[in-house]
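Throughout, protein chains are lettered first and strands after them, A, B, ... in sequence-line order, and every chain is numbered starting at 1. Just so we're clear, the structure is a prediction, and the values are computed from it rather than from any experiment.
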Amino acid sequence: MLSKNQIAQRIAKEVKNGQYINLGIGIPTLVANYIPDSLEVVLQSENGLLGIGPFPKEEDVDPDLINAGKQTITMLKGSVLFNSAESFAMIRGGHVHLTILGAMEVSENGDIANWKIPGKMVKGMGGAMDLVASAENIIVAMQHCSKSGESKLLTECTLPITGVRCVKKIVSDLAVLEVSPSGGFILKERAPGVSVEEIKEKTSGKLIIEGEVPEMVFD
Amino acid sequence: MLSKNQIAQRIAKEVKNGQYINLGIGIPTLVANYIPDSLEVVLQSENGLLGIGPFPKEEDVDPDLINAGKQTITMLKGSVLFNSAESFAMIRGGHVHLTILGAMEVSENGDIANWKIPGKMVKGMGGAMDLVASAENIIVAMQHCSKSGESKLLTECTLPITGVRCVKKIVSDLAVLEVSPSGGFILKERAPGVSVEEIKEKTSGKLIIEGEVPEMVFD
Amino acid sequence: MINKTVKDAHEAVADIPTGAFLMMGGFGLSGIPENCISALLQRDIKDLTIVSNNAGVDDFGIGLLLKKRMVKKMISSYVGENAEFERQLLQGELEVELIPQGTLAERVRAGGAGIPAFFTPAGVGTEVAEGKEIREFDGKQYLMETGLKADFSIIKAWKGDTAGNLIFKGTARNFNPIMAAAGKICIAEVEELVEIGELDPNQIHTPGIYVQRIFEGRNYEKRIEQRTVSN
Amino acid sequence: MINKTVKDAHEAVADIPTGAFLMMGGFGLSGIPENCISALLQRDIKDLTIVSNNAGVDDFGIGLLLKKRMVKKMISSYVGENAEFERQLLQGELEVELIPQGTLAERVRAGGAGIPAFFTPAGVGTEVAEGKEIREFDGKQYLMETGLKADFSIIKAWKGDTAGNLIFKGTARNFNPIMAAAGKICIAEVEELVEIGELDPNQIHTPGIYVQRIFEGRNYEKRIEQRTVSN
C-alpha cells in the first residue's frame, strides 16, 4: 500500500515537460514535491496565479499571496497574476493541460464525486466542477477503499457527482488504473506487494486486466 | 442652418457632468471642442482608451496611441488603457452614458441607418452596432436632408439599419428633435432663422409640434 | 477626470438598504473590503444577499455580518471554515446558493459586460444543471448560465486614484476587478489613494469607469487563514 | 518556466499551411504583427482566412497579403481604406464577413475562454441577426453569437519574456491579448524580449500560458494612418 507521499510521487511521473498544471488540495498538492527539476512545468492556482513557488520563509509571508487552499505561498521568476475570470478562462479554455485532484468516488465511466455527502454540511464545490469539465487530462489521487473498507471505485457513483466521464487515470494506494473510453478500470500497475487479487476484491466497478500487471517502480 | 461646428456646439449642451461619452467619427468628434471646462467628463475610444486628450504636438506623435478614427491622439492625467473586449464590455454593460454618432437615416421610432448603402462598397459597421444597442442615451448628429434635398428623418429607414428604437435625440442643421417613445420626432428647437414650416416640409417622418418652438440659443 | 472620492467607509456604505443585493470581493480572507465590512456592521440593516466566493471565518470578514444576522442569503462557491455559518444554515436561518467558482466568476464578468447569458461546461450532469438549459456545441454539452449584477459591489484594491482607477496586489486581486463592473454602484476601498496621473495608464487593472465611490481605508488587518512556511 | 522562444518570424510562421484559419492583432495599423506579416509573404501558401478588426491598407499590413492573393476570406468589423481589397471583393475573388466590433472582440474572448456561445444585444433587428437565435432577457432582445478559435493567432506586443508573458503599449493593445488566448498556437512578436523575472508579475497583460512561440521583432515601421497634430 502506498503512503500519501508515494501516491504523489507516482503521479509526478505522469507530468510532462511544458505542461501547465492545476493541483487540488491534499495529496495533489504534494505532487509538486516530486516533479523532477529537469521538467519545466508551471503550476496554476485558480485564485489568480501562474507559477506557484515554494512556501515562504517566515519573514516573507505575504497575506496578499495565497494559493487556492488559502496557504501562504511565493512566486517564481516568470510568474503572473490575474483575476478569477481570467483564471477560469484559462481552465475552461483548455489552456491548463493537466488537473490532479482528490475524489471520494470514481465510476467506471470516469464520473467523479468529490464535493458533497448527503446529510453532511455542504461546503461547496469551489473550482472543482470547472476543472473536471474542462481539463483535457484529469488524474485522480485517492484511497482505493473507505475507512470501513468499501471500494470507492464503483460501477456508478453513489454520491452527488462533480463531473461526468472526465477522469482519465487514477492513482490509489493500491494501483494505477486508466478509465477505458468504453467503460471499466484498466489495471496498469500494482503497488509494491499488492496482488492483482486484492485489487480485484477491492474494486467494485468493472476491472479490466490485460496480461501481466507490473509492480510500480519508484526512482 | 447650422454649420457642422454649430451642430457639434449644440450637442455639447446635452453633455452632463460626470458622464463617460463615446464620440463617433465626423461631427461627433467636434463635440469635444465645445464641452465646457466646468464639466468633468471622460471620452472613450473603443479601440481601448478612457480619457482621450487633444491631438499631439508634432514631436509627441505616437503611432501606438490612436483613436477609433485612427488619428494620433494623447492621453490625460487619469487615462486608462485596455483591450478591445474590455472596451466593449464597458459599452455593452451600460457603463458609457452617452453615445454621439452620425447617421444616414433615422426613423420616427428611433431606428438608425449609418453603415451600408446597397450597391456601394460596404466598409463595415465597426463598433456602431454595439454602441447603438447598448448606450442608454444616443444622440445623432446629421444633416436634415440629403444633397438632393430628400429628408433623412423618415417614417421607416430605407437603408439597412444599424440598430432599432435606440436614437433618443437628433441635432440636425435645421433642428433639435426628440424621438417620442410612442413614435414621431418631437420638434424641440429650430436653428436660427429656420421656420417651423421649413422643418415640417423637410421631415418626411411624423413630426410632433407641441406649442411654441424656440430658436436655439448659442452661448 | 471625474472625482469619485468619498470621506470614509461610513459615507461609502451609508445608503445601502435592508434587502440589498451585494457583491464582495476577496478569496478566503485575501483582498476583502475590511473597512466596508466594519462600517456595514454599524448600520441597522438586514436581509442582505451577498455574492462572494467565500463567507469569511467566524470572527472576521463576512463571518462578522453573518454573526450579526444581517445576511439572508450567501451566493458562493465554497463556504467552509465558518461554524456560525453552518449553524445558521442547519437551523434554516440562512439560505445558501453554491455555484462552481469559474461559473461564478464568469457570471459576474458577464453581468458587468452586458452579456445576459452564456454557455459553460461546468456542472453538466450534476445537481448544478438541474432546471438549466443544456445545449450541445461541437459534440460537447454545456449549461446556460446568466449574468449577475448587484445593487452595490464592494471591493478592495491596493492603490487607486481619485478617478477610481485601481491596481490590485498579488492574489488579492481575485474577484475584485470583475465585481467592480457588475455593481450598479461600485464602492472601492484602497490601501493608498493617490492623485490622478500617479498611476501608469498602462498598468491599471480596473478602469475608473466602473467605480462610483473610492476612499483610503485604515488599519488593514489582513488576517491569514493558513500561515504556511518552509523551513 | 517554459521557454517559448523561437529564432525569428520565419521560424515562427514556418508551419502555417494553405487554408489556415488565422487571427491577427491590431486596430488599423496600430499593434499589427509586422514581422510575421513579412515572413508570411515569403511563404508559398494561400486560401488563408484571417480574423482581424481591419484589413490594412494597400501597401502595408494585411493589405500586403491581400495583394499577393494569399487571402480567401477576411472576418473583420471595418475594411475601409484599401482599394485592392475593394477590387478583389467586387470581382468575387475575396470573401468578407463583417461582424460588429464588440461582437468580434467578445467572440474572440469567448473562444479563448472556453465559452462556446453567448448573447449580445448588438445587431438585433439588423442584417447581422439573420439566421441567428434571438432571445429575450429582462425585456430586451439579444442575439446568440458563438466563440471563435483560430489555428494560429499572430500578435504583437511591446515587451515579452521567454515564458511568453506579454505587456502591450498604448492603444496598440486592442485585439492582441484576446487573440492570444483564442489561437491553438499563438505566435507573439515583441519589440523587446527580456529574461523571465524582468517583468512585474502584477503588470503582465497576457499570461504566458496563452503563448506558444515568441521572438523579438526587427525594424518596426509603425506606419500612421491619420497623423493628426494640434498647433
Side-chain angles (χ1 to χ4, degrees), chain B residues 29 45-49 52-75 79 81-92 94 111-113 115-116 121-134 160-166, chain D residues 27-31 53-55 76-82 85-86 89-90 96 98-106 108-110 120-128 140-142 158 168-178 205-206 220-231:
Chain B
T29 302
S45 192
E46 66 263 30
N47 57 321
L49 173 66
I52 307 175
F55 295 124
K57 290 181 191 147
E58 185 63 45
E59 61 270 27
D60 295 330
V61 164
D62 179 354
D64 292 328
L65 202 56
I66 62 172
N67 65 17
K70 288 139 194 166
Q71 296 171 304
T72 45
I73 48 161
T74 58
M75 291 193 284
S79 286
L81 297 155
F82 37 83
N83 71 44
S84 297
E86 185 73 47
S87 184
F88 283 92
M90 283 172 200
I91 290 167
R92 216 187 301 102
D111 294 357
I112 179 172
W115 77 285
K116 185 174 181 177
M121 159 79 182
V122 183
K123 296 191 167 181
M125 67 292 279
M129 284 192 182
D130 307 275
L131 283 160
V132 300
S134 307
I161 63 171
T162 310
V164 291
R165 296 180 171 278
C166 53
Chain D
F27 185 99
L29 300 178
S30 181
N53 188 58
N54 310 99
S76 303
S77 88
Y78 189 82
V79 293
E81 296 108 29
N82 193 318
F85 183 97
E86 187 165 348
L89 186 63
L90 294 175
V96 64
L98 294 168
I99 297 179
Q101 194 175 136
T103 298
L104 182 63
E106 191 65 15
V108 170
R109 190 263 172 194
T120 175
V124 168
T126 77
E127 281 182 20
V128 165
K140 183 171 173 175
Q141 290 197 314
Y142 294 84
W158 179 39
F168 302 88
K169 177 166 164 275
T171 54
R173 193 183 315 184
N174 54 66
F175 283 79
N176 284 298
I178 49 176
H205 297 134
T206 290
Y220 283 99
E221 181 175 343
K222 296 198 186 180
R223 197 181 295 188
I224 293 172
E225 277 183 89
Q226 304 281 342
R227 178 179 293 266
T228 316
V229 296
S230 62
N231 344 352

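When side chains are defined from C-beta on, D:Thr103 counts as touching B:Asp130, because their heavy atoms get closer than 4.5 Å. Counting heavy atoms from C-beta on, the side chains of D:Trp158 and B:Asp64 never come closer than 4.5 Å. Side chains of B:Met129 and D:Thr126 form a contact here, defined as non-hydrogen atoms less than 4.5 Å apart. At least one side-chain heavy atom of B:Met121 sits under 4.5 Å from a side-chain heavy atom of D:Phe85. Here the side chains of D:Glu106 and B:Phe88 are not in contact, with every heavy-atom distance at 4.5 Å or above.
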Practice task
Please test D:Arg109 against B:Glu86 for salt bridge (charged side-chain N to carboxylate O under 4.0 Å, His left out), starting from the C-alpha separation and ending with a verdict.
Solution key: CA-CA 10 Å; D:Arg109 190 263 172 194; B:Glu86 185 73 47; over 6 Å; no
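A salt bridge is absent between B:Lys123 and D:Glu86; no separation between the charged side-chain nitrogens and carboxylate oxygens falls under 4.0 Å.
To the nearest 0.5 angstrom, D:Gln101 atom CD is 8.5 Å from B:Leu131 atom CG. The structure places CZ of D:Arg173 at 11.5 Å from CG of B:Asn47, a figure rounded to the nearest 0.5 Å. Note that CD of D:Glu225 is 11.5 Å distant from OG1 of B:Thr72, once rounded to the nearest 0.5 Å.
Checked by atom type and distance alone, the side chain of D:Thr171 never pairs as donor or acceptor with a backbone atom of B:Gly48 at under 3.5 Å.
For B:Ala89, no part lies near chain D; criterion is any non-hydrogen pair under 4.5 Å. If you measure heavy-atom distances from D:Leu104 to chain B, you find no contacts under 4.5 Å at all. Of the two parts of D:Asn54, only the side chain, counted from C-beta on, holds a non-hydrogen atom closer than 4.5 Å to a non-hydrogen atom of chain B. Using a 4.5 Å cut-off between heavy atoms, B:Ser79 does not touch chain D at all. Contacts of B:Ile91 with chain D are absent, with no heavy-atom separation under 4.5 Å from either backbone or side chain.
Ranked by heavy-atom pairs under 4.5 Å with chain B, the list D:Gly170, D:Gly28, D:Gly31, D:Ala105 is led by D:Gly170. Your options are D:Asn174, D:Thr120, D:Val79, and the one with the most heavy-atom pairs under 4.5 Å with chain B is D:Asn174.
Judged as a ring-ring contact (aromatic ring centres under 6.0 Å, His included), and not counting sequence neighbours, the contacts of D:Tyr142 are D:Phe137.
Summarising the local packing, CZ of B:Arg165 is surrounded by 12 or fewer heavy atoms from other residues, nucleotides or ligands at distances under 6.0 Å.
Considering all non-hydrogen atoms of both residues, B:Ala133 and D:Pro121 come closest at CB-O, 3.4 Å.
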